[in-house]
Chemist: 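One structure is given below, represented as structure tokens, and several questions about it will come after.
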Amino acid sequence: MLRVRFAPSPTGYLHIGSARTFIFNWLYARHNGGAMILRIDDTDLERNTQESLDSIFDGLKWLDLNWDEFYRQSERGDKHREMAMKIFEKGLAYRDFTPAAGDLEEKSHAGGPWLFHPEMRGLSRAESDRRAAAGEPFVLRFRVPREREDKVIFNDLVYGEQLKATADMEDFALLRSTGAPTYHMASCADDADLRISHIIRGQDHLTNTFKHVLIFKALGVEPPKFAHLPLLIAPDGSKLSKRKHGPVVSVTTYRDAGFLPHAFVNFVVLLGWSPKNDREVMSRAELIDAFSLEGVNRSNATVNFTAEDPFDPKAVWLNAETIRTMPVEELAKALAPFAPKPDLCKLRKIAPLIQERIKLLRDVREVADFFFVDELPPYPASELVPQKGTPELAKSVLREARKILETATFEPDALEAALKAGAEKLKIKTGQMYQPVRVAVCGRKVAPPLFATLAALGRETALDRMDRAIGKL
RNA sequence: GGCGCUAUCGUCUAACGGUUAGGACGGAGCCCUCUCAAGGCUCAAAUACGGGUUCGAUUCCCGUUAGCGCUACCA
């Protein structure tokens with residue numbers, strides 16, 4: 001059975017890149033009828049926060065993509081330690097008693113690469129046991145088999161065959177001096193234990209994979225298949241980060257601005273993946289059907305945001321497209337949390353009027369504000385004056401319109417016919433009739449279609465606003 | 001510094017070694033129209049650079065450049 005996992009570490013909020021990794025895994029699992037596993041990789045006690053964990057759950061819950069199994073890595077520490085010691089017992093790892101030192105710069109620069117402490121790698125088992133028994137702290141290091149194997153090879157489902165000389169690999173840590181497993185150890189131990197068949201993750205792990213292959217082999221299990229995803233980067237070319245780019249990278253920012261979950265999924269899946277048939281707007285079912293690792297490309301994708309405009313224009317367009325094509329009832333419900341009042345009854349009337357006029361759900365506030373107020377905010381009387389008209393004309397137009405609205409049937413077609421007739425009677429262009437009425441009723445020149453708007457507003461409100469407008473002139 | 005990965009319009013991307021290098025977003029223009037949208041049509045816009053291989057390279061190989069990643073007792 002195919003088994004994939006998403007393994008975030010709760011050290012920041014769920015950001016768009018992590019969400020994408022989840023989505024790719026989910027799609028792959030659903031496409032193949034496999035299992036989706038959520039595992040919280042919280043082995044770094046120092047940096048984990050409950051807030052971050054909440055953010056991850058909030059984000060995933062919003063995406064509405066489910067998982068089949070759930071694990072928390074911190075609860076499995078004993079198992080990881082046990083598996084690490086199994087590697088040690090096989091002689092494939094050794095204790096390093098070198099005290100943790102601030103020789104970081106020394107390691108990374110200093111001309112040659114730092115690989116291991118020879119005297120520790122060469123320590124006899126008896127000596128090692130003696131010092132450990134004496135309570136001397138140590139880190140457990142993997143003994144990279146430079147003598148037996150000169151390279152590590154694996155085949156990445158996206159990047160193809162990957163090869164690295166063992167001579168270029170350091171003896172990485174498996175267990176910290178506190179006894180806690182490192183990420184590499186915990187991750188591989190769990191992947192092996194949970195029988196993960198495919199690891200789909202960010203390309204930042206591509207070079208780590210050589211270490212992981214070594215660990216899997218040391219554990220005596222067949223390594224899973226690997227597929228690395230190109231990274232998501234900011235317009236300046238740097239990796240998306242909270243510190244540098246702020247909340248624009250957080251999934252909850254999209255949610256709070258009024259993105260529809262599916263529009264977000266649709267946008268994000270197109271970053272680094274293509275169905276190769278020019279299709280872009282796809283339903284969830286179509287996505288599941290079309291998804292394959294072959295469609296994943298290898299170069300990083302830029303999320304195009306700016307300080308003024310935090311959302312990629314394509315994401316916004318996809319969202320608008322999703323809004324336009326969804327059932328009105330669903331739209332009305334989605335709009336409720338964003339409207340001035342969560343009045344579903346009213347929203348059902350408004351939704352069709354604004355459906356193709358909003359890009360984000362939050363836009364409802366400015367596009368449909370006048371539906372929710374008892375009294376219109378003040379606007380200049382000059383707005384009531386139509387093109388090539390005078391205040392006097394505006395006044396007579398509004399009086400005529402008022403009279404019409406007193407008796408007209410409040411239904412779009414009937415209102416249009418009646419108002420049109422009124423314009424003919426006054427011998428003015430229809431636009432000169434409609435525009436003053438629009439301003440009187442909406443409080444501004446730009447608004448949804450007039451007749452449907454009037455119908456939604458109702459006679460009483462319309463008449464009241466007409467009177468106030470006439471009074472301004 | 002070492003090791004690895006990547007390179008097509010501004011952005012996301014498509015193209016068995018043979019295409020006028022295609023689509024989408026965004027931009028510009030026109031049409032439609034009660035304003036705004038939506039919709040329709042049109043336009044501008046790319047194979048990083050240099051060498052090979054080949055009858056023929058966006059595509060294969062090498063180099064350069066650039067970007068990114070890893071190089072922790074972080075994940």
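Reminder, nothing fancy here: chain letters follow the sequence lines and each chain counts from 1.
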Chemist: Could you check which of B:U71, B:C5, B:A7 has an atom nearest any side-chain atom of A:Leu206?
Modeler: B:C5
Chemist: Quiz question: going by heavy-atom distance under 3.5 Å, is there a donor-acceptor pair between the base of B:G2 and the side chain of A:Asp168?
Modeler: no
Chemist: Report yes if a donor N or O on one partner sits less than 3.5 Å from an acceptor N or O on the other, where the partners are the side chain of A:Thr207 and the base of B:C70; otherwise report no.
Modeler: no
Chemist: What's A:Gln435 touching, base or sugar-phosphate or nothing? Going by heavy atoms closer than 4.0 Å.
Modeler: sugar-phosphate
Chemist: Expressed as a whole number of angstroms, how long is the span from A:Met169:CE to B:G69:P?
Modeler: 20 Å
Chemist: Hey, does A:Pro449 reach any base, or is it just sugar-phosphate, or nothing, if we go heavy atoms under 4.0 Å?
Modeler: base
Chemist: Any base atoms under 4.0 Å from A:Arg438, or only sugar-phosphate, or nothing? Heavy atoms, all strands.
Modeler: base
Chemist: For the atom pair OG1 (A:Thr325) and CD (A:Glu330), what is the distance rounded to the nearest 0.5 Å?
Modeler: 9.5 Å
Chemist: Classify A:Leu270 by what it touches in the nucleic acid, base, sugar-phosphate, or nothing, heavy-atom distance under 4.0 Å.
Modeler: sugar-phosphate
Chemist: Looking for any heavy atom pair under 4.0 Å, which part of the strands does A:His228 touch: base, sugar-phosphate only, or nothing?
Modeler: nothing
Chemist: From the set B:C5, B:A37, B:C12, return the single nucleotide nearest to any side-chain atom of A:Arg357.
Modeler: B:A37
Chemist: For B:U54 and B:A72, measure between their C1' atoms and round to the nearest Å.
Modeler: 49 Å
Chemist: Would you indicate what A:Gln432 reaches in the nucleic acid, counting non-hydrogen atoms under 4.0 angstrom: base, sugar-phosphate, or nothing?
Modeler: nothing
Chemist: Is the distance between the ring centroids of A:His245 and A:Phe305 less than 6.0 Å?
Modeler: yes
Chemist: With rounding to whole Å, what would you report as the distance between B:A14 and B:U71 at their C1' atoms?
Modeler: 36 Å
Chemist: Below the 4.0 Å mark, does B:U13 have OP1 or OP2 next to a side-chain nitrogen or oxygen of A:Asn297?
Modeler: yes
Chemist: Given the side-chain rings of A:Phe259 and A:Phe264, with only the six-membered ring counted for Trp, is the space between their centroids under 6.0 Å?
Modeler: no
Chemist: Checking all strands, does A:Pro448 fall into the base, sugar-phosphate, or nothing category for heavy-atom contacts under 4.0 angstrom?
Modeler: base
Chemist: If you check the A:Ala301 side chain, which of B:A14, B:C12, B:C34 turns out closest?
Modeler: B:C12
Chemist: Counting any heavy atom closer than 4.0 Å, what does A:Asn304 reach on the DNA or RNA strands: base, sugar-phosphate only, or nothing?
Modeler: sugar-phosphate
Chemist: Counting only side-chain N and O atoms of A:Arg141, is one of them less than 4.0 Å from OP1 or OP2 of B:C73?
Modeler: yes
Chemist: Looking at B:G39, B:C25, B:U71, which one has an atom nearest to any side-chain atom of A:Glu170?
Modeler: B:U71
Chemist: Heavy atoms under 4.0 Å, any strand shown: does A:Gly272 hit a base, just sugar-phosphate, or nothing?
Modeler: sugar-phosphate
Chemist: Going by atom types alone, do A:Tyr94 and A:Asp171 pair a side-chain donor with an acceptor below 3.5 Å?
Modeler: yes
Chemist: Have a look at A:Thr11 and say if it touches a base, only the backbone sugar-phosphate, or nothing, with a 4.0 Å heavy-atom cut-off.
Modeler: nothing
Chemist: Measure from NE2 on A:His205 to P on B:C68 and round the result to the nearest Å.
Modeler: 19 Å
Chemist: Expressed as a whole number of angstroms, how long is the span from A:Arg39:CZ to B:A75:C1'?
Modeler: 11 Å
Chemist: Ignoring backbone atoms, establish whether A:Lys276 has a side-chain N or O less than 4.0 Å from OP1 or OP2 of B:A14.
Modeler: yes
Chemist: Donor-acceptor check, side chain of A:Asn25 to backbone of A:Phe22, threshold 3.5 angstrom: yes or no?
Modeler: no
Chemist: Does atom CD (A:Glu119) have a neighbourhood of more than 12 heavy atoms from anything else shown, all under 6.0 Å?
Modeler: yes
Chemist: Which is true for A:Ala173 with a 4.0 Å heavy-atom rule: it touches a base, it touches only sugar-phosphate, or it touches nothing?
Modeler: sugar-phosphate
Chemist: Between A:Phe210 (CZ) and B:G2 (P), how many Å, whole number?
Modeler: 18 Å
Chemist: Contact between A:Val249 and A:Tyr13 at the side-chain level, heavy atoms closer than 4.5 Å - yes or no?
Modeler: yes
Chemist: From the list B:C34, B:A7, B:C36, which nucleotide is the closest neighbour of the side chain of A:Val446?
Modeler: B:C36
Chemist: May I have the distance from A:Gln162 (atom CD) to B:G69 (atom P), rounded to whole angstrom?
Modeler: 17 Å
Chemist: Using whole Å, report how far CD1 of A:Ile323 lies from P of B:G39.
Modeler: 13 Å
Chemist: Just the rounded figure in Å: distance from C1' of B:U71 to NE2 of A:His184.
Modeler: 10 Å
Chemist: Looking only at the side chain of A:Gln203 (C-beta and beyond, no hydrogens), which of the listed nucleotides B:C12, B:C5, B:C70 gets closest?
Modeler: B:C5
Chemist: Expressed in angstrom and rounded to an integer, what is the separation of A:Leu318 atom CG from B:A24 atom C1'?
Modeler: 10 Å
Chemist: Base, sugar-phosphate or nothing for A:Thr98? Non-hydrogen atoms, less than 4.0 Å.
Modeler: base
Chemist: For the P atoms, the ones on B:U64 and on B:C70, what distance do you get once it is rounded to whole angstrom?
Modeler: 24 Å
Chemist: Taking the side chain of A:Asp312 as heavy atoms from C-beta outward, which of B:U11, B:A14, B:A37 is closest to it?
Modeler: B:U11
Chemist: Taking only N and O in the side chain of A:Lys239, is any of them less than 4.0 Å away from OP1 or OP2 of B:C70?
Modeler: yes
Chemist: Under the criterion salt bridge (Lys or Arg N to Asp or Glu O under 4.0 Å), I'd like the reasoning laid out for A:Arg5 against A:Asp190: C-alpha separation, chi angles, the key distance, then a yes or no.
Modeler: CA-CA 10 Å; A:Arg5 48 51 157 200; A:Asp190 276 337; over 6 Å; no
Chemist: Just to be sure I understand the rule, does A:Arg324 reach a base, reach only the sugar-phosphate, or reach nothing, if contact means heavy atoms closer than 4.0 Å?
Modeler: sugar-phosphate
